[in-house]
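First the structure, in the form of structure tokens, and then the observations on it.
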2 protein chains.
Amino acid sequence: MYRINENYQKLPASYLFSTIAKKVAAFTQENPDKPLIRLGIGDVTQPIAPAIINAMHQAVDEMSLASSFHGYAPDLGYEFLRSAIVKNDYAPKGCGIQEDEIFISDGAKSDSGNIQELFDINCKIAVTDPVYPVYVDSNVMAGRCGTYQEDSKTWSDIIYLPCVRENGFVPEFPKETPDMIYLCFPNNPTGTTITKTQLQEWVDYANRIGAVIIYDAAYEAYISEPDVAHSIYECEGARTCAIEIRSFSKNAGFTGVRLGFTVVPKELTCGGVSLHGMWARRHGTKYNGAPYIIQRAGEAVYSKEGKAQLKEQIAYYMKNASTIKEGLADAGYEVYGGVNAPYIWLKTPGQMRAWEFFDYLMEQANVVGTPGSGFGPSGEGYFRLTAFGSYENTTAAIERIKHCS
Amino acid sequence: MYRINENYQKLPASYLFSTIAKKVAAFTQENPDKPLIRLGIGDVTQPIAPAIINAMHQAVDEMSLASSFHGYAPDLGYEFLRSAIVKNDYAPKGCGIQEDEIFISDGAKSDSGNIQELFDINCKIAVTDPVYPVYVDSNVMAGRCGTYQEDSKTWSDIIYLPCVRENGFVPEFPKETPDMIYLCFPNNPTGTTITKTQLQEWVDYANRIGAVIIYDAAYEAYISEPDVAHSIYECEGARTCAIEIRSFSKNAGFTGVRLGFTVVPKELTCGGVSLHGMWARRHGTKYNGAPYIIQRAGEAVYSKEGKAQLKEQIAYYMKNASTIKEGLADAGYEVYGGVNAPYIWLKTPGQMRAWEFFDYLMEQANVVGTPGSGFGPSGEGYFRLTAFGSYENTTAAIERIKHCS
């Protein structure tokens, strides 16, 4: 008789966003007269930019003719896209990343879930806390996290790096030595970030202790301050210790278009084995490339028109972020983030717990957000609102919150 | 210091199709005057059908407006596509598959590589031999196959089910008891298949010994004989022992469009744990859905126009298959497959080894195929040609082969 991977059974039954979806469904059924405004899940609402739409139409037409049809894509992704990425994202910042160090994929979620496969099952992971659940859950499924401790809401074998208002949401080096360190800056869910100097300290630390950094830069397009790094490869020494994961979901609204990429530098080796070679092998064996049409959409993100249109789109969302941040501050809330990221992280009032505040906000203001505790124990007492709604909904939500404060 | 997943190091260095690509590149450089015809890799050449092109244009337009924009897809895939699949692929054959048992993905390769994650690391796998390399390699990467034995070209912990001319390419129950059985019918690479009665015997066997069957039905659209099952769920009892993986790559030419799905019936449980629930958890954690535009393309495959156009496309490829099969038989080769599948499997002449025949055919006929030994030890002495070329190239290739025989 076959047996299942028992690690799956260790995962707590409910996933954050499914629980929210259930609560929302129940509320909506009981209160059909109270339409909710959702500033919860990190999904975008603005349509795809015209330059990208044009590129997709053109690519669809190419697929309609034998002479321009495209079948299986190259394992790493099309050269036209990898070259646009290097030219626009890495070369101008002197990162020294080459085209063949970039692996195109269907999105940052898949890559950040799959990347742990390259590492030994006994590697110890460190995560900032609160954290994007995929890093933790994918490692739990692989059997790397020990057991879940219901009382502390932590995994026995994970090293947590608390990011709370007391340390300015900047993680500190842990006492225990990690093997794999997941960092995401600008951060989801806190909306805060660290400076390039602080990131350099993490790169130096990783090189010193022999750890690998999995760096999620999904929100880099929202950076507005000059002392924040857009890529970890802006830091000296990152090529020997860091893998960077990027997404098109947030800079170009590709949550339903699906495109991302991962950078694995060739200097990243462990005992003489190239992690680049390993990731290439995984891509070649368990993946078959992003659609041609979608890779052309990605290329258009870097066109002159595409860049101009997306600059406006990001400005639109960041105007929402300011609206939320200022509105909540006016209403007396303690708020963080929203300057280099499309997320606002607020401290719940009084001793209110995160899920209590979720219910309070849904019932009193008819606004849906995300309880910070869903992202880890240090998220307790915090709450996330996203700037990805429409401007109209965002201002309306803030008015409602102010009104019931 | 972190450590890598050492299982990756166990994989023999070269992947079948990369080796072919290198040999082809070298030949082409040395012989610029001898253009090769490639009937090797299973990539299609016919353009995407008009009904599908139209659906994609329409979906692209939807993405250009806020009112019809689609962000994150539902975890299992859009209902419109899952419902079209049930209605067209399963209901007419009385398979009893429900919409919520279907998981849309970016393709059968990803799913067949990822599905092993659901099972215990000590499960013993059985594969037909020769076999699509992904089943084996993905299990090697997970540490499930023991060590590679260079002399026999086998993995110490895999149960091989030889499919050779002596047994009519029909696998026999092994002496040792497997936990996971990979079956692909119509078969890649042999192009042969088994009858529904024979498949029923495998389903009964799996239920009897408590094994799970991973059934790859990527080539079902090419079935021409009435006694061959299009889905394993046509067999009684399959809902308690089988997962089925399907692709749009071969029935609709989606190798560069990327779409597939996996069926996990709700009755499939192990010690009371639902594999459907586990796969849903994996989808929710490590994947973010196929693009909206591509799911609409999939829906169009099942439209009246789409079905008519794809019937022609499949007939086109199957005409190639007949051309290859008859041509090679005329030239004195022993040939198999090509009736219910787009692959022709030929016995190499005399005692010629598969890679020898590869070199012979490339050098003498300037035709590229795939050495059978690349698919496993029982593929030695066999060779695969695919029907996915253009009709012109296919007939030209056969003329060349005849000419040098």
Side-chain angles (χ1 to χ4, degrees), chain A residues 1-6 8-9 11 15 43-48 50 53 56-57 60 63-66 69-73 106-107 109-110 113-114 117-120 123 134 137-138 141 179-180 210-212 255-258 270 273 275 278 281 284-294, chain B residues 1-6 8-9 11 15 43-48 50 53 56-57 60 63-66 69-73 106-107 109-110 113-114 117-120 123 134 137-138 141 179-180 210-212 255-258 270 273 275 278 281 284-294:
Chain A
M1 180 72 195
Y2 71 93
R3 291 176 307 285
I4 56 160
N5 174 354
E6 291 289 345
Y8 274 61
Q9 294 305 102
L11 286 166
Y15 186 63
D43 202 356
V44 298
T45 52
Q46 289 293 294
I48 299 298
I53 293 289
M56 287 198 283
H57 277 306
V60 169
M63 297 297 273
S64 73
L65 300 170
F69 171 78
H70 285 77
Y72 290 124
D106 64 311
K109 187 178 178 189
S110 307
N114 292 328
E117 282 183 34
L118 302 193
F119 302 96
D120 188 89
C123 280
V134 170
D137 291 358
S138 59
M141 288 166 163
D179 296 304
M180 297 156 62
V212 64
T255 53
V257 174
R258 309 305 316 141
C270 178
V273 178
L275 271 78
M278 290 178 74
R281 188 70 193 236
T285 303
K286 298 168 91 171
Y287 183 58
N288 228 339
Y292 174 72
I293 296 159
I294 307 301
Chain B
M1 179 72 195
Y2 71 92
R3 291 176 309 283
I4 56 159
N5 173 354
E6 291 289 344
Y8 274 62
Q9 294 304 103
L11 286 165
Y15 187 63
D43 202 355
V44 298
T45 52
Q46 288 294 293
I48 299 298
I53 292 289
M56 288 198 283
H57 276 306
V60 168
M63 296 297 273
S64 73
L65 300 170
F69 171 79
H70 284 76
Y72 290 123
D106 65 312
K109 186 178 177 188
S110 307
N114 292 329
E117 280 183 37
L118 302 193
F119 302 96
D120 187 90
C123 280
V134 169
D137 291 358
S138 59
M141 288 167 164
D179 298 303
M180 299 157 61
V212 64
T255 53
V257 174
R258 310 303 318 142
C270 179
V273 178
L275 270 76
M278 290 179 74
R281 189 69 194 239
T285 303
K286 298 166 92 170
Y287 184 57
N288 229 338
Y292 174 73
I293 297 160
I294 307 301

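The analysis underlying the following values was restricted to heavy atoms, covering all of them including side chains, and did not include hydrogens, waters or symmetry mates. Below, chain A is the first sequence line, B the second, and so on; all start at residue 1. The model shown is predicted, which means the values in this text are computed figures rather than measured ones.
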Pairs of heavy atoms under 4.5 Å with chain B: top-ranked of [options]:
options	result
A:A290, A:A211, A:A73	A:A211
A:V134, A:I4, A:V60	A:I4
A:C123, A:G71, A:G107, A:S110	A:G71

Among [options], which residue has the highest count of heavy-atom pairs closer than 4.5 Å to chain A?
options	value
B:Q46, B:R3, B:M180	B:R3
B:N114, B:D137, B:V273	B:V273
B:G113, B:P50, B:C270	B:C270

Interchain contact, [X] with chain B, by part (heavy-atom threshold 4.5 Å):
X	result
A:V257	both
A:E117	both
A:Y72	both
A:T45	backbone
A:E6	neither
A:M141	side chain
A:D43	both
A:L65	backbone

Working to the nearest 0.5 Å, report the span between [atom1] of [X] and [atom2] of [Y].
X	Y	atom1	atom2	answer
B:S64	A:H57	OG	NE2	6.5 Å
A:I293	A:M56	CD1	CE	9.0 Å
A:D106	A:R258	CG	CZ	6.0 Å

Report which part of B:A66 has an atom under 4.5 Å of a heavy atom belonging to chain A: side chain, backbone, both, or neither. both
Using non-hydrogen atoms only, which part of B:V212 is less than 4.5 Å away from chain A: side chain, backbone, both, or neither? both
Taking only residues two or more places apart in sequence, or in another chain, which ones meet A:D179 in a salt bridge (Lys or Arg N to Asp or Glu O under 4.0 Å)? none
All heavy atoms of B:L118 vs all of B:M278, minimum pair found to be O-CE, 3.2 Å
Where B:Y287 and A:K109 come nearest, the two heavy atoms and their spacing: O-NZ, 3.1 Å
Please assess A:D120 against B:N5 for the test side chain to side chain contact (heavy atoms under 4.5 Å, CB included), listing each intermediate value before the final yes or no. CA-CA 4 Å; A:D120 188 89; B:N5 173 354; 5.9 Å; no
Can you sort out the partners of A:Y292 under ring-ring contact (aromatic ring centres under 6.0 Å, His included), two or more places apart, ordered by chain and number? A:H70, A:Y78
Aromatic rings A:F119 and B:Y2: how do their planes relate, parallel, tilted or perpendicular, breaks at 30° and 60°? perpendicular
